[in-house]
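What follows is a single structure, written as structure tokens, with notes after it.
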Amino acid sequence: MSAHYAQSRRRPLIFLLVISLGILALWLRTDDEPVQYTRWQGLAPAVMTNALASVNDNSLRAVAEPQQGRGQPDAQRPYGNPLRATSTVMTQGYGVGTHAPAHVWGAIDLAIDSTGNGMADPQGSWNHPIYATHDGVVTVTPNSYPAGNHVWIVNDAYRTGYAHLATFTVSNGQVVARGDLIGTMGSTGMSSGPHLDYQVWEKVNGAWINRNPLDFSPFELAP
Ligand SMILES: [Zn+2]
């Protein structure tokens, strides 16, 4: 009698355990799906490393270091981290939050983690230099909304957008090469703190298609 009583009390607990494990399994399975727009979700702020910044950093993954500047064969194509710092963190991924829908606003938000705790911090981010990721012609738009102080770099096949800048170091019509300084990080326009909103667009059959900047960079999760 007492054994039967104990068993009947345990049954709801076992039922709850099975349901919980089921939910956990579903959650883990969803997290592992290779969905491009959300693949960095849940990891934010993701700590990223960049071979452009320092070849002496032991934490870097094996990523080929591209040559910089004019004359590079593929310099029309965006490549690399516009902040050029191993302390770069991504504070909002592609196609999520205010970056949705991706075909209109697709971007990544980047800032600096100067203390190494995995979080962006304003003191390290304010006025951090921002560099062109490819060759092109500059269009500068001051005080726009929502992009604030904004730079486009455009060529026949690609354009990249750099939003919320504090200052410009380029002007309208200027020709820049990959690696040229274009401005400094700020929080102008629709922005809650200093960061860079970075967009990549590719011209396909005459139409500009928004692309995930992470597909044009050596960004990797730090070990
Ligand atoms: Zn953004």
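Keep in mind that this is a model prediction, so the values were computed, not measured. Sequential numbering from 1 along the given sequence is applied to the chain's residues.
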Exercise. Hey, is the main chain of A132 close enough, under 3.5 Å, to the side chain of R178 for a donor-acceptor pair?
Worked result: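 No, because the side chain of R178 does not come within donor-acceptor range (under 3.5 Å) of the backbone of A132.
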Exercise. Is it true that a side-chain atom of N210 and a backbone atom of V104 form a donor plus acceptor pair closer than 3.5 Å?
Worked result: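 No: the side chain of N210 does not pair with the backbone of V104.
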Exercise. Is there a path of hydrophobic side-chain contacts, each under 4.5 Å between heavy atoms of I, L, V, M, F, W or Y residues, that connects L83 with V176?
Worked result: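 Per the 4.5 Å side-chain linkage, L83 and V176 are co-clustered.
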Ignoring hydrogens and angles, state whether a donor on the side chain of [X] or [Y] is under 3.5 Å from an acceptor on the partner side chain.
X	Y	answer
N149	H164	no
H134	T160	yes
D135	Y158	no

For the atom pair [atom1] ([X]) and [atom2] ([Y]), what is the distance rounded to the nearest 0.5 Å?
X	Y	atom1	atom2	answer
W208	E202	CH2	CD	9.0 Å
Q199	Y94	CD	OH	8.5 Å
H195	L165	NE2	CG	10.5 Å
L110	I130	CG	CD1	9.0 Å

For this session: Answer whether the closest heavy-atom distance between the side chains of F216 and T133 falls below 4.5 Å.
Result: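 A side-chain contact is absent here, since even the closest heavy-atom pair is not under 4.5 Å.
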For this session: Would you confirm whether the ring centroid of H128 sits within less than 6.0 angstrom of the ring centroid of W126?
Result: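 No, the ring centres sit 6.0 Å or more apart.
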For this session: Look at the aromatic rings of Y198 and Y162 and report parallel, tilted or perpendicular, splitting at 30° and 60°.
Result: tilted
